[in-house]
Amino acid sequence: MKASKMLIPTLKEAPSEAIIDSHIYMLRAGLIKKLVAGVYTFLPMGLRVLQKIENIIREEMNASGAQEILSSAIQPKELWEESGRWQKYGPELFRFKDRHDREFCLGPTHEEIFTDLVRSMVQSYKSLPLNIYQIQSKYRDEMRPRFGLMRGREFIMKDAYSFDVDQKASELSYQNMYETYERIFTRLGLNYKVVLADTGAIGGSVSHQFMALSDVGESNILYCENCSYAADEEKATSSFEEEKIEEWKELSLEETPNTKTCEEVAKFFHVPLRKVFKSMVYYDEQSKEYAMFIVRGDSDINPVAVINVFHSSEAFVRLAREEELLKLGLYEGYIGPKDVKIKVYLDASVTKISNGIMGANKEGYHYCNVNFSRDFQGEIRDLHIAKAGELCPRCGKPLKSERGIEVGQLFQLGSKYSLPMQCTFLNSEGKLSPMIMGCYGIGVTRTFAAIVEQHHDANGICFPFEVAPYPCVILPVSYEDPIQKEVADLLYEELKKIHPDVIIDDRDLKAGFKFKDWDLIGIPYQIIVGRNAINRIVEFKKRKENSKEELSVEEVIKKAKEFLKDK
Ligand code: ATP
Ligand code: MG
């Protein structure tokens with residue numbers, strides 16, 4: 001490839017909205033271009049990387065026994081009504097009508113489509129297990145599209161769906177995908193962790209996420225170095241140091257004017273923050289129910305746990321407003337669980353606190369010496385957000401935390417879709433039963449961004465060889481110089497025989513610009529042809545290591561047979 005014929009729209013500066021490195025470098029290197037918020041065009045270099053990522057995923061999926069199909073992004077409302085998700089999915093779903101007023105959505109995920117497909121084609125246990133997948137664009141009207149490809153409104157996903165005769169067989173399919181994902185993300189050069197995950201809007205029971213480790217990741221991972229426990233913050237639980245059991249004192253109502261936050265209350269009574277109960281009231285717009293949730297004052301309420309208690313979704317659950325609280329006889333800053341008319345859920349840790357403090361549901365008052373079961377009741381759940389330093393729920397050692405980018409997720413769905421959608425088969429005894437399903441997503445475009453996030457330096461991207469847009473560039477310092485031109489052309493012809501995608505930078509540009517471009521784009525190998533061309537000596541540079549080596553033309557050709565080999 002001759003650079004003079006290529007579209008290389010590198011930029012000196014990224015637009016100010018790009019704040020994380022992967023976004024900045026992908027724009028500056030001319031890999032992608034924004035159309036509108038959360039929607040991008042892949043430029044030639046970017047598309048090549050994307051296709052390489054897709055092909056690695058495809059190769060490993062095919063090797064796992066899965067089969068590729070391609071379905072439409074357009075999905076009819078009727079299928080979403082069958083699964084019950086048309087109402088539940090909320091404003092993230094891009095909905096539209098055709099000219100006949102028929103309703104559709106642009107698929108954010110494809111459980112309904114695949115379930116419908118399989119129920120229409122598979123009738124017997126003899127056709128199972130089955131795992132089908134696609135690599136295709138998804139649409140989610142995200143509240144805050146951001147960080148370039150990390151959170152788009154249009155993004156590419158690899159989504160796979162497995163269909164099995166029973167739970168045991170389904171678990172084998174799940175394990176197969178788990179191992180396939182390990183191979184995929186290792187080949188893609190990502191440093192990742194696998195964590196337990198909440199099942200969110202997709203549903204089901206067991207779920208794992210693959211997290212590319214990065215400080216800019218939107219997910220918080222809690223993990224234990226002593227045992228293998230690792231979980232996304234939404235799912236993680238933790239325990240606390242054992243509380244000293246105190247003798248229960250008599251409940252007392254105390255005046256606490258202008259003392260609303262847990263911190264203010266703890267200071268007012270000179271007690272540790274954990275002894276003050278944090279009580280919050282949430283409202284679920286679907287069930288139209290209010291409920292109170294309580295954690296220790298030194299913890300925060302996990303919103304995902306709240307959503308799960310309501311069996312609802314993020315779009316419908318919110319904190320109760322002040323006027324709603326008043327109608328319930330509650331006062332902001334003085335809320336507590338004693339004698340309330342709504343359901344009360346409390347974190348297990350709250351039951352261990354003796355002589356705690358809670359709001360008295362009377363403006364300017366708190367109760368002291370509060371003890372669970374004597375002074376208030378409620379259902380016990382895991383409601384607090386686990387933090388580093390708290391104790392591992394499995395082995396009791398302190399947890400650590402780390403940020404991650406969720407690049408993939410696996411779900412055991414059971415019969416969540418097959419039952420309502422009647423995706424059934426005749427089992428070996430001739431009985432009709434629902435297929436047991438799993439679904440498995442990889443955010444392909446987010447993975448692209450995660451690779452750049454993990455593989456860059458101050459000069460730009462350092463692509464791993466397997467996904468680099470091109471493997472090698474020959475860089476004459478001055479292509480006008482006849483000797484440099486001759487050596488560069490010779491190398492180009494020879495190296496092309498080894499790898500068809502070698503580039504020669506024949507552009508009429510200052511050398512400094514050319515060097516900067518290729519460093520920015522992150523081509524793994526650069527062969528610089530400069531003044532020493534007269535002695536048939538060139539420079540061999542490895543982008544990632546930033547190492548340079550002087551080699552003869554012959555040595556470079558010999559070496560190229562090694563470094564240009566697809567690994
Ligand atoms: P998130 O919690 O980040 O919103 P999710 O859990 O809703 O993601 P899934 O339904 O599990 O996403 O989708 C499968 C994969 O698709 C995710 O693991 C992620 O890598 C990718 N993905 C999801 N939403 C987006 C998005 N808006 N932009 C880019 N990739 C996404
Ligand atoms: Mg997910």
Side-chain angles (χ1 to χ4, degrees), residues 20 22-23 26 32 34 36-40 42 50 53-54 57 73 85 88-94 106-114 133-161 177-178 181 184-185 188 190 192-204 206-214 216-221 231-235 302-304 307-308 313-315 403-413 416-417 438-453:
I20 65 167
S22 56
H23 190 193
M26 289 172 83
I32 56 169
K34 181 172 124 177
V36 289
V39 181
Y40 287 85
F42 285 85
L50 183 67
I53 295 171
E54 287 180 356
I57 295 173
R85 284 208 294 183
K88 255 198 156 181
Y89 213 88
E92 245 184 45
L93 197 60
F94 275 107
L106 291 178
T109 174
H110 274 66
E111 282 74 18
E112 284 81 358
I113 303 304
F114 278 64
Y133 76 98
Q134 62 180 350
I135 297 175
Q136 178 249 26
S137 292
K138 298 282 185 269
Y139 298 86
R140 295 183 185 180
D141 197 0
E142 297 273 356
M143 178 109 82
R144 279 190 297 148
R146 58 191 177 278
F147 303 152
L149 299 189
M150 289 279 185
R151 186 168 296 283
R153 294 196 295 168
E154 178 186 69
F155 61 96
I156 296 172
M157 198 202 283
K158 183 287 299 170
D159 47 329
Y161 304 83
M177 279 298 102
Y178 188 114
Y181 276 33
I184 290 171
F185 291 115
L188 290 172
L190 282 178
Y192 67 89
K193 253 199 175 83
V194 191
V195 306
L196 291 167
D198 183 70
T199 51
I202 309 282
V206 177
S207 180
H208 288 90
Q209 283 166 339
F210 279 68
M211 297 282 193
L213 302 178
S214 161
V216 303
E218 292 184 281
S219 303
N220 197 25
I221 301 166
D232 179 60
E233 180 182 77
E234 294 181 341
K235 177 79 179 172
N302 181 353
V304 174
I307 291 165
N308 288 341
S313 54
E314 196 183 341
R403 307 292 303 178
I405 301 164
E406 181 200 326
V407 285
Q409 186 162 10
L410 317 173
F411 299 85
Q412 283 181 21
L413 296 173
K416 182 175 155 65
Y417 294 88
C439 73
Y440 317 93
I442 290 180
V444 180
T445 40
R446 186 184 283 180
T447 296
F448 187 166
I451 292 171
V452 175
E453 203 54 59

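Counting starts at 1 for both ligands and their atoms, following the listed order.
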Task: Side-chain touch Arg446/Leu149, heavy atoms, less than 4.5 angstrom - done: no
Open item on the list: With a 4.0 Å cut-off on heavy atoms, is Met150 in contact with ligand 1?
Closed with: yes
- [ ] Flag Arg151 as yes when one of its N or O atoms lies below 3.5 Å from any N or O atom of ligand 1, and as no otherwise.
- [x] yes
TODO: Find out whether Glu142 and Glu92 are in side-chain contact, i.e. whether some heavy atom of one side chain is under 4.5 Å from a heavy atom of the other.
DONE: yes
TODO: Could you check atom 28 (N) of ligand 1 against the protein and tell me its nearest heavy-atom contact, residue, atom and distance included?
DONE: Gly152 N, 3.0 Å
Task: Contact flag Gln209/the Mg ion (ligand 2), N/O/S atoms, threshold under 2.8 Å - done: no
Task: Top protein contact for atom 14 (C) of ligand 1, by heavy-atom distance - done: Met157 CE, 3.7 Å
- [ ] Return yes when Val407 approaches ligand 1 closer than 4.0 angstrom through a heavy atom, no otherwise.
- [x] yes
- [ ] Go through the side-chain N and O atoms of Gln412 and Ser207 and say whether any donor and acceptor fall under 3.5 Å apart.
- [x] no
Open item on the list: Among all the protein's non-hydrogen atoms, which is closest to atom 11 (O) of ligand 1, and how far away is it?
Closed with: Gln409 OE1, 3.2 Å
Task: is_close_aromatic(His110, Tyr161), centroid dist under 6.0 Å - done: no
Open item on the list: With carbon and hydrogen excluded and only N/O/S kept, which atom of Glu406 is nearest the Mg ion (ligand 2)?
Closed with: OE2
TODO: Just need the protein heavy atom nearest to atom 30 (N) of ligand 1, so name the residue and atom and give the distance.
DONE: Phe155 CD1, 3.4 Å
Open item on the list: Between Tyr192 and Val407, is there a side-chain heavy-atom distance shorter than 4.5 Å?
Closed with: no
Task: Glu154 with Arg140: basic N within carboxylate O range, under 4.0 Å - done: no
Task: Atoms of ligand 1, numbered as shown, that sit under 4.0 Å from any heavy atom of Gly408 - done: 18 (O)
- [ ] State, yes or no, whether a side-chain contact exists between Asn220 and Asp232 at a heavy-atom distance under 4.5 Å.
- [x] no
Open item on the list: If only side-chain N and O atoms count, and only distance matters, is there a donor-acceptor pair under 3.5 Å linking Glu234 with Asn302?
Closed with: no
Open item on the list: Is a donor from one side chain sitting under 3.5 angstrom from an acceptor on the other, for Arg153 and Tyr40?
Closed with: no
Open item on the list: I need the contact type for Arg140 against ligand 1. Using non-hydrogen atoms and a strict under-4.0 Å cut-off, is it side chain, backbone, both or neither?
Closed with: side chain
- [ ] Report yes if Thr445 has an N/O atom closer than 3.5 Å to an N/O atom of ligand 1; otherwise report no.
- [x] no
TODO: Measure the distance from atom 21 (C) of ligand 1 to every protein heavy atom, then report the residue, atom name and distance (to 0.1 Å) of the closest one.
DONE: Gly443 CA, 3.5 Å
TODO: Write out the residue and atom name of the closest protein heavy atom to atom 20 (O) of ligand 1, then the distance separating them to 0.1 Å.
DONE: Glu406 O, 2.8 Å
Task: Of Arg144, Arg146, Arg403, the residue whose pairing with Glu218 passes salt bridge (charged side-chain N to carboxylate O under 4.0 Å, His left out) - done: Arg146
Open item on the list: Considering both backbone and side-chain atoms of Leu149, is one of its nitrogen or oxygen atoms within less than 3.5 Å of a nitrogen or oxygen in ligand 1?
Closed with: no
TODO: Under 4.0 Å from a heavy atom of Glu142: give me the atoms of ligand 1 that qualify, with their elements.
DONE: 24 (N), 26 (C), 27 (N)
